[in-house]
Each structure stands twice: as C-alpha cells, then as structure tokens.
Amino acid sequence: MSLQDGVWNARWKAASGVGRAIGRGLTDLLLPTLAHDTPRAMATPGLTAAAWSRITFLEDPVCDGCGAGFAADAGDFAGRCAACIAEPYLFARARAACVYDDASRDLILQLKHGDHQPFAPLFARWISRAAAPLLDQADAIVPVPLHPIRLLSRRFNQSAEIARPLAKTIDVPFVPDALVRLTHTPSQGGKSARGRRLNVQKAFAITAAGARRVEGRRILLVDDVLTTGATAGACARALLDAGATAVDLAVVARVRSARQLPT
C-alpha cells in the first residue's frame with residue numbers, strides 16, 4: 001500500500017464487496033441517507049438543493065490551458081486565454097469542475113480538514129464530467145502528494161481519495177506513489193505567484209516505481225484546488241523529466257484569478 005493512500009484505502013480494501021453491500025443495505029434500511037453538507041435525510045447521497053445551487057460549475061467554453069471559463073463561445077478561437085498563450089503552464093491542459101469561492105471552499109475544507117470522506121467520490125464525479133476530454137486520453141492518474149508530516153497529521157491525502165475513484169471510473173492505472181514531496185514547505189496561502197513557485201520549486205520528485213509507470217504515458221494529475229498553478233507545475237516538471245509524454249491537470253475547483261498576463 002502506498003503511503004499516499006493513507007488509512008482509508010486500507011480500510012476500503014479490508015472489507016469485501018459482499019460485506020459492504022450487506023452493511024450498506026442494513027444501514028439504509030435502519031437509517032435514512034443523509035446529505036453530505038448537512039444532517040438532512042435524502043433519497044440518494046449528495047448535496048442538498050440549496051448547497052448545489054450555490055456551486056458555480058464551469059461549463060464549456062473554457063480555456064484549454066488553465067480551465068478558466070470564457071464569457072462566450074469563441075468559435076474557431078485557439079481555445080486558450082491570453083495568459084496561457086503568452087506563458088503556457090508546464091502541464092498541457094487543465095480542467096476544473098467549479099469556481100473556488102465561499103460555497104465550494106466550505107465543501108472542500110470539509111474533506112481536506114474535516115475528514116468528511118463522502119465528498120471524495122462526489123468530487124470525482126464532478127471532475128469526470130468537467131475533465132472528460134482529458135480523461136479520454138489519460139494513460140494513468142497521479143495525485144499530488146502530501147509531505148509525510150502533513151500526511152501523518154491529516155491521516156489521508158485528499159487528492160488521492162479523489163483520484164482513486166476517478167481512475168476506477170475510466171479503468172486506467174492509479175499511481176499514488178509516482179511522486180513524493182521532499183520538503184515540508186510552508187502553506188501556499190497568502191503568497192504571491194512568484195512566492196508560490198519558489199516555495200515548491202524543488203519540492204517534488206519522481207519515485208523509482210513512479211518512473212517505470214509514467215514513462216511514455218500521458219498522465220492526468222489530480223489535485224483539489226488550482227490557484228496559481230505553482231504546485232501542479234512543479235509536479236508536472238517531475239513527471240515530464242521522468243519520461244511522461246504529457247501531463248494534464250484536473251481539479252475540483254479553481255480560483256477565478258489563477259492566471260494573469262505576465263508583466
């Protein structure tokens with residue numbers, strides 16, 4: 001078991017399919033299904049209508065390079081925003097399921113820091129819809145890793161929890177041990193775009209097992225949030241240096257101002 005899989009994957013594998021099905025059936029019989037965002041009974045698991053309506057989902061047309069939404073369909077336009085044309089990311093393409101704002105942040109933090117696991121498969125379903133063109137060409141899925149110290153305190157890697165069901169959906173290898181985080185960097189919060197790049201410049205490396213599994217493959221990198229792209233760019237560099245043919249990025253949410261024209 002990969003360290004980045006955390007305790008939840010071990011628990012998931014420990015239970016047989018039959019046991020899970022029986023347990024779920026008994027639970028549904030005795031207790032109603034609750035909404036993910038509030039302790040309210042629902043017919044099927046998911047968000048309440050109120051929570052769903054607050055999420056700003058990103059629909060086509062979007063920038064192929066960073067996933068930013070366009071105000072109108074650009075027709076035969078190249079499909080990239082001005083910033084991505086002027087200064088492309090190291091990853092080839094990106095997609096985000098929704099905008100990172102107060103509504104989506106609360107849900108993501110419930111998974112990331114609140115240990116609310118039902119959000120992981122929900123976010124995977126969101127990504128599978130938003131990143132369908134990327135999933136169609138992915139040869140393997142790699143989550144952005146956590147440093148062991150942070151993984152120990154959090155007990156699981158939220159990116160891996162989202163990436164695992166995503167890989168299962170499209171039946172491609174899930175490679176949680178492809179990358180390692182070498183340095184326990186300070187939080188990216190509050191840093192400028194340049195500060196974020198410097199903070200993670202040498203933070204990631206490919207593992208021996210990862211090098212064998214990414215060489216010659218198009219990799220889909222999965223993370224929870226895209227801000228400036230510094231973390232994803234550093235991961236993409238390590239994967240490309242290891243022989244990946246290309247790296248695409250899929251995230252749950254992206255900030256509206258992730259990209260700005262270089263000055």
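Computed from heavy atoms alone, side chains included, the values below leave out hydrogens, waters and symmetry copies.
The side-chain heavy atoms of Pro176 and Ser159, taken from C-beta on, include no pair separated by under 4.5 Å. With a 4.5 Å cut-off on side-chain heavy atoms, Leu166 and Leu135 count as touching. Using a 4.5 Å heavy-atom cutoff, the side chains of Val225 and Val251 are not in contact.
Once rounded to the nearest 0.5 Å, the distance linking CZ of Phe91 with CZ of Arg93 reads 12.0 Å. Taking CG of Leu182 as the start and CG of Leu179 as the end, the distance is 9.5 Å to the nearest 0.5 Å. Rounding to the nearest 0.5 angstrom, the gap separating the OG1 atom in Thr245 from the CD atom in Gln137 is 9.5 Å. Taking CD1 of Ile141 as the start and CD1 of Ile162 as the end, the distance is 11.5 Å to the nearest 0.5 Å. Distance check, rounded to the nearest 0.5 Å: CG of Leu134 to CG of Leu220 gives 6.0 Å. Going from atom CD1 of Ile127 over to atom CG of Asp223 covers 9.0 Å, rounded to the nearest 0.5 Å.
With sequence neighbours left out, the side chain to side chain contact (heavy atoms under 4.5 Å, CB included) criterion links Ala140 to Pro173, Val175, Arg217, Ile219. Residues that satisfy the ring pair (Phe, Tyr, Trp, His ring centres under 6.0 Å) test with Phe123, not counting sequence neighbours, are Phe119, Trp126. Taking the side chain to side chain contact (heavy atoms under 4.5 Å, CB included) definition, one finds that Glu215 meets it with nothing, sequence neighbours left out. Residues passing the side chain to side chain contact (heavy atoms under 4.5 Å, CB included) test with Ala130 are Ala97, sequence neighbours excluded. Residues that satisfy the side-chain hydrogen bond (donor to acceptor under 3.5 Å, both in side chains) test with Arg212, not counting sequence neighbours, are absent from this structure. By the side-chain hydrogen bond (donor to acceptor under 3.5 Å, both in side chains) test, Arg218 pairs with Asp248, sequence neighbours left out. Judged as a side chain to side chain contact (heavy atoms under 4.5 Å, CB included), and not counting sequence neighbours, the contacts of Leu90 are Ala236, Arg237. Applying the side-chain hydrogen bond (donor to acceptor under 3.5 Å, both in side chains) test to Asp60 and every residue at least two apart in sequence or in another chain returns nothing.
Nearest approach of Gly69 to Val62, heavy atoms of both residues: CA-CG1, 4.0 Å. Between Leu249 and Ala232, the shortest heavy-atom distance links the atoms CD2-CB, 3.7 Å. Closest approach of Gly65 and Tyr89 over heavy atoms only: O-CD1, 3.8 Å. Minimum heavy-atom separation, Ala244 to Val247: CB-CG2, 4.4 Å. Between Cys81 and Phe70, the shortest heavy-atom contact is N-CZ, 3.8 Å. In terms of heavy atoms, Ala103 sits closest to Arg54 at CB-O, 3.5 Å.
Transitive grouping of hydrophobic side chains (ILVMFWY, heavy atoms separated by less than 4.5 Å) brings Trp52 and Leu111 into a common cluster. Criterion: ILVMFWY side-chain heavy atoms under 4.5 Å apart, direct or through other members. Under it, Leu240 and Leu221 are part of a common hydrophobic cluster. Using a 4.5 Å cut-off between side-chain heavy atoms of Ile, Leu, Val, Met, Phe, Trp and Tyr, with links allowed through other members, Val252 and Ile170 fall into the same hydrophobic cluster. The hydrophobic clustering, which links ILVMFWY residues whose side-chain heavy atoms are closer than 4.5 Å, places Tyr100 and Leu58 apart.
Ser104 contributes no side-chain N or O that, together with a main-chain N or O of Ile55, makes up a donor-acceptor pair within less than 3.5 Å. A donor-acceptor pair under 3.5 Å is formed between the side chain of Arg254 and the backbone N or O of Cys66.
The salt bridge (Lys or Arg N to Asp or Glu O under 4.0 Å) contacts involving residues 224-235 comprise Lys112-Asp224, where partners must be two or more places apart or lie in separate chains. Among residues at least two apart or in separate chains, salt bridge (Lys or Arg N to Asp or Glu O under 4.0 Å) pairs with a member in residues 128-144 are Glu59-Arg129.
Tested against Asp101, the residues Asp106, Val255, Thr56 include a single side chain to side chain contact (heavy atoms under 4.5 Å, CB included) partner, Thr56.
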